[in-house]
Amino acid sequence: MSAREEILDRIRAALSDQPAVPPVPRNYRQTTGLDAQALVELLVDRLVDYKANVFVEEPDGVSGRIGELLAGAGRFVIPPGLPVGWLAFDAEPARAVVDHPDHPLTVGELDAMDAVLTCSAVAVAETGTIVLDGSADQGRRAISLVPDHHICVVPVKSIVGILPEALQRLDGTRPLTLISGPSATSDIELERVEGVHGPRRLDVIIAV
Amino acid sequence: MSQISLGMPRIASYGSGNLFATESFPHAAHRDLDNAQLRANLGHATGTIREKRLKVVAELPDWEELREAGSVLKQQVMADLPRLLVQLEENVTQRGGTVHWARDAQEANEIVAGLIRAEGATEVVKVKSMATQEIGLNEYLEEQGIAAYETDLAELIVQLGHDKPSHILVPAIHKNRTEIRDIFLAEMAGVDPELTDDPRQLAMAARAHLRRKFLSTKVAISGANFAIADSGTLAVVESEGNGRMCLTLPETLITVMGIEKLLPTFLDLEVFMALLPRSSTGERMNPYTSLWTGVTEGDGPQNFHLVLLDNGRTAALADEMGRSALHCIRCSACMNVCPVYERTGGHAYGSTYPGPIGAILSPLMTGIEAEENNSLPYASSLCGACFDACPVKINIPEILVHLRGKDVDAEHAKRKLPSQMDVGMAAARVAFSSGRNLALVEKGLPLGKLMAGPDQKIKRLPGMAGGWTQSRDIPAPPKQSFRAWWKKEHVPTPDTSQTPDAAAESGEDG
Ligand code: SF4
C-alpha cells in the first residue's frame, strides 16, 4: 500500500466514531465601520508603533516625498508597472532600474540596489499590515526583499479596517506577502530588535 | 516505528523521531531546576511575553468569538481530514507543486534527502519548522552529507551552540544575551571579535553571517503554519525575513507539514491570523507572513514539493478525548503561562514539543505506553492557565487527566504486583469516598506537623512520594483540617436540622 493510501486509511479508522461538529460560529467582527480618515489615522499609529517611517501625502506630493526619501541613495529597483508620475523627481540619468519579467535582475544585481520602490495591494489599519500581491505595480517578491530600504506607497482606497475585509479583496493563489513593519526579531530575551534579514528601513507613503 | 498497544482493538501507528524524552520528566526537571541562570532567563522571558500578550488580546473586543471560531474550525478540519487533504493535494498539484506522503519520521527524512540529491545540492537553508525538528531532519541530512543551515536567529543560536531548542517559538529562550555573544564569538566564522552583547549587534552579526547563504543556496526547506485546502495555498508566519528569503530566492522549495495543519478555506485565515500573532509574540501582527500556491512563473522557487507527515498524528486523532491536541497552532502561549514550564524550561520535556501542549501531544503521538513519555502527563499542577491562554481552546488539563488515566491502566496491564501508586490511589479512593473516611485520614494531620520539625517544612516524604520532595520542600500541614476547624467554629444551633458533617456530605453528592 502506498504511504498516501495508508495514511488516509489510518485517518478514516481514527475517525470511525464519526465526530459531530457544530457549524462554525463566526460572531467576530467583519468590519470596523471606521471612515477613511479614521482608517488612515489608525494605520499611521500602528505603522509608527512598528518603527516604520510614515508620510501622508496628497497625490501631487507623492513624487516629491519619494525623491526626498531617496536623497542619499544610488540606484533603486522598481517593478514594471509603477505609475510613471511617481518618478517625476528622478532626473537624467535615471537612477531607477526596472525589474522586467522578460529580463529579471539577478539576485546579485538586486543586492547591489540601495532601495526598492513599490505600490501595495491592500493595507489593514488595525494591525498595521501592508499586503503585496505581485501585481505589476509591486513586482515579484524578491525585489521588495533583497534591497535594504523599502519605500512602499499605500493608496488610501486600499486601506481597510480589519483582516476579513482585506482577505475579501485578495486572490489567495497569487504570491502574497503581509508586511507589518520592518523585519524584526525578539529572539534575544524577547527584546524586539528592528531590522534583521528583510529591509531594515521601511518608509510608507499613504497617498490620500 | 509501529507498536501494538496493549488492550486496544487495533494497531495504532505511533510517531518516531524527536518525540521522546531521553530521561523521565522528574529526573530531567530535577537537574534543570538546579540551574539558576536558566530559571532567571526563563522567568524574565516568559514574564515579558505574558504581559505583551495580555495587552494585545485585551485590545480586541471579539477575542472570545475568534477563539470559539478557531476551535470549531479545527474540529471541522479533523472530522473532515481525508477529504481536505485530498483537496489540498489536488490544488497544489494543479498549480505546479508535487505532493509526497510520509508515514513516519524516517520516511519523511528519506523523501527530503532524495529531493535534495535530485537537485545536486549538498547544502540547504532552513526556515524554523517544528515538523522538521520533530523528525530530526538536520541530523539525518548530516549523516547523508548534506549541510542544513538554520536561518532563524534563535535556531541559529541553538545550532551554533550545539544545543537543543527549549521553546517552540523562541528556541534559545534559555540563553541570555551574554551567553549568545559567547556562542557567536566561539562558533561564527569571521565574526567581529569586538562583538558586544547588545541584541541589535547580535542580530546584525547573524544578518551578515547568513546573507551569502540566502543569496546563493539552491534549495530551501520550510515548515508551514497553515495550508488552505480550497486553494492549495501555504502560509509561513515569521519576523526576521529569513522565511521570505528561503521561500523566495532558492530554485527549489521543500515544505514539510503535519497533516493537521489544514484550514478549509482561504477566508479562514481571518480567524487564525488574528489568533496566532497575538498569542505567540504578543504582537498585533508578526512582521512578515508569506503565502504561496504551488509555483508562480517568474516569481520564487520553480520547483515546489510538499511533504505531508503523519508520524503519530493519526494515533492522536484516534483518541477521542485527546484528538483536540491536534488543533494546536504552535503559538506557545500555554508554555509562557505555565508555572511548571517557567521553572523547568523546555529541555526537561525531552520531546520537540515542550510545555503543556508537549505533555499531551508527545504521549498521544508516541503512545502512553512509551516508557520515556509516560511521566509527561504528570508534569502539571492542573492549574488551568494553559486552557485559558490557548487561542484554539484546547482543554489541556482535561486531556492530561485523561492520559494519566490511560497511563495507570497501561501500568496495570503490565504489572502483577500493585505499585505504590496503585496503593496510594486505592487509599485515596477510600478516603474521598465519604466524609467520614476523609475525617479519619485528616486525623493524621498533626502527625505531619510533627514530621515537619521546627522550621515547619517537610524535607523528605516516605516512599514514592519522596520523589516529589527531592527538589522542593512542602509546608507542614495545618494543625487541623478545614473540616475539623469548621466543626469547632460552627457548633450546631438547636434550630439547625443538619450537622455540619451531614451538610458537607450532602454537598459532595451535588
Ligand atoms: S496548545 Fe494552544 S496555547 Fe499551546 S501552543 Fe498550541 S495553540 Fe498555543
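Below, chain A is the first sequence line, B the second, and so on; all start at residue 1. Heavy atoms only: backbone and side chains are in, while hydrogens, waters and symmetry mates are out.
- Interface residue A:R192: only side-chain heavy atoms are found under 4.5 Å from chain B.
- Ranked by non-hydrogen atom pairs under 4.5 Å with chain B, the options A:T127, A:L202, A:L176, A:V193 are led by A:L176.
- Considering only heavy-atom pairs separated by less than 4.5 Å from chain B, the leading option among A:R140, A:R141, A:Q30 is A:R141.
- Note: B:T248 leads B:L60, B:D230, B:L85, B:T248 in heavy-atom pairs under 4.5 Å with chain A.
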| Can you list the steps and then say if B:R103 with A:R10 is a side-chain contact (heavy atoms from CB on, under 4.5 Å)? | CA-CA 10 Å; B:R103 279 168 276 228; A:R10 288 175 183 177; 3.7 Å; yes
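- With a 4.5 Å cut-off on non-hydrogen atoms, A:S2 touches chain B through its backbone but not through its side chain.
- Proximity to chain B (any heavy atom under 4.5 Å) is shown, for A:P19, by both the backbone and the side chain.
- Side-chain contact check for B:I259 versus A:I11: some heavy-atom pair is nearer than 4.5 Å.
- Put simply, the side chain of B:T293 gets close to the backbone of A:G172: a donor and an acceptor are under 3.5 Å apart.
- Taking the charged nitrogens against the carboxylate oxygens, B:R284 and A:E126 have no contact shorter than 4.0 Å, which rules out a salt bridge.
- Exactly one residue among B:E64, B:E65, B:E68 makes a side-chain contact (heavy atoms from CB on, under 4.5 Å) with A:Y28. That residue is B:E65.
- If you measure heavy-atom distances from A:Q18 to chain B, you find no contacts under 4.5 Å at all.
- For the pair A:I179/B:R244, a side-chain contact is recorded, criterion being any heavy-atom separation below 4.5 Å from C-beta on.
- Residues of residues 143-167 of chain A lying under 4.5 angstrom from chain B, judged on non-hydrogen atoms, are A:S144, A:L145, A:V146, A:D148, A:L163, A:P164, A:L167 by number.
- Contact detail for A:V21 and B:A79: the closest heavy-atom pair is CG2-CB, 3.6 Å.
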| Going through the checks in order, is the salt bridge (charged side-chain N to carboxylate O under 4.0 Å, His left out) test met by B:D310 and A:R4? | CA-CA 10 Å; B:D310 178 353; A:R4 179 183 189 275; over 6 Å; no
| Worked check of side-chain contact (heavy atoms from CB on, under 4.5 Å) between A:L15 and B:L317 | CA-CA 7 Å; A:L15 293 172; B:L317 189 67; 3.9 Å; yes
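- Screening B:N286, B:L291, B:V237 against A:L178 for a side-chain contact (heavy atoms from CB on, under 4.5 Å) leaves a single residue, B:L291.
- Within residues 31-51 of chain A, the residues having any heavy atom closer than 4.5 Å to a heavy atom of chain B are A:R46, A:D49, A:Y50, listed by residue number.
- No other option in B:R211, B:E107, B:H167 has as many heavy-atom pairs under 4.5 Å with chain A as B:R211.
- Counting heavy atoms of neighbouring residues, nucleotides and ligands inside a 6.0 Å radius, atom CD of B:E51 does not exceed 12 of them.
- Taking CD1 of B:I228 as the reference point, atom OG1 of A:T173 lies at 12.0 Å (rounded to 0.5 Å).
- Taking chain B as the reference chain and counting heavy-atom pairs below 4.5 Å, the highest number among A:P104, A:G139, A:S180, A:G181 is found for A:S180.
- Look at A:R26 and B:D62 and you find no salt bridge, because none of the NZ, NE, NH1 or NH2 atoms lies under 4.0 Å from a carboxylate O.
- Listed options A:L132, A:V124, A:L170, A:T185 were ranked by heavy-atom pairs under 4.5 angstrom with chain B; first place goes to A:T185.
- Taking A:P22, A:P101, A:S16 one by one and counting their heavy-atom pairs under 4.5 Å with chain B, the maximum is reached by A:P22.
- Only the backbone of A:P182 comes within contact range of chain B, with at least one heavy atom under 4.5 Å from a heavy atom of that chain.
- If you take NE2 on A:H197 and CZ on B:R207, they are separated by 8.0 Å, rounding to the nearest 0.5 Å.
- From B:S239, atom OG reaches atom CD of A:E194 across 10.5 Å, with rounding to the nearest 0.5 Å.
- Between chain A and the residues B:K175, B:K52, B:M245, the largest count of heavy-atom pairs under 4.5 Å involves B:M245.
- Only the side chain of A:T129 comes within contact range of chain B, judged by heavy atoms closer than 4.5 Å.
- Of all the listed residues (A:L8, A:N27, A:T177, A:D17), the one sharing the greatest number of non-hydrogen pairs under 4.5 Å with chain B is A:D17.
- Residues of residues 73-86 of chain A never come within less than 4.5 angstrom of chain B, heavy atom to heavy atom.
- Residues of residues 106-117 of chain A having a heavy atom under 4.5 Å from any heavy atom of chain B, listed by number: A:V107, A:D111.
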| message | One pair to check against side-chain contact (heavy atoms from CB on, under 4.5 Å): A:R200 and B:M204. What are the steps and the verdict? | response | CA-CA 10 Å; A:R200 284 180 284 190; B:M204 286 313 105; 3.0 Å; yes
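- Residues B:D152 and A:D187 meet the side-chain proximity criterion, which asks for heavy atoms closer than 4.5 Å.
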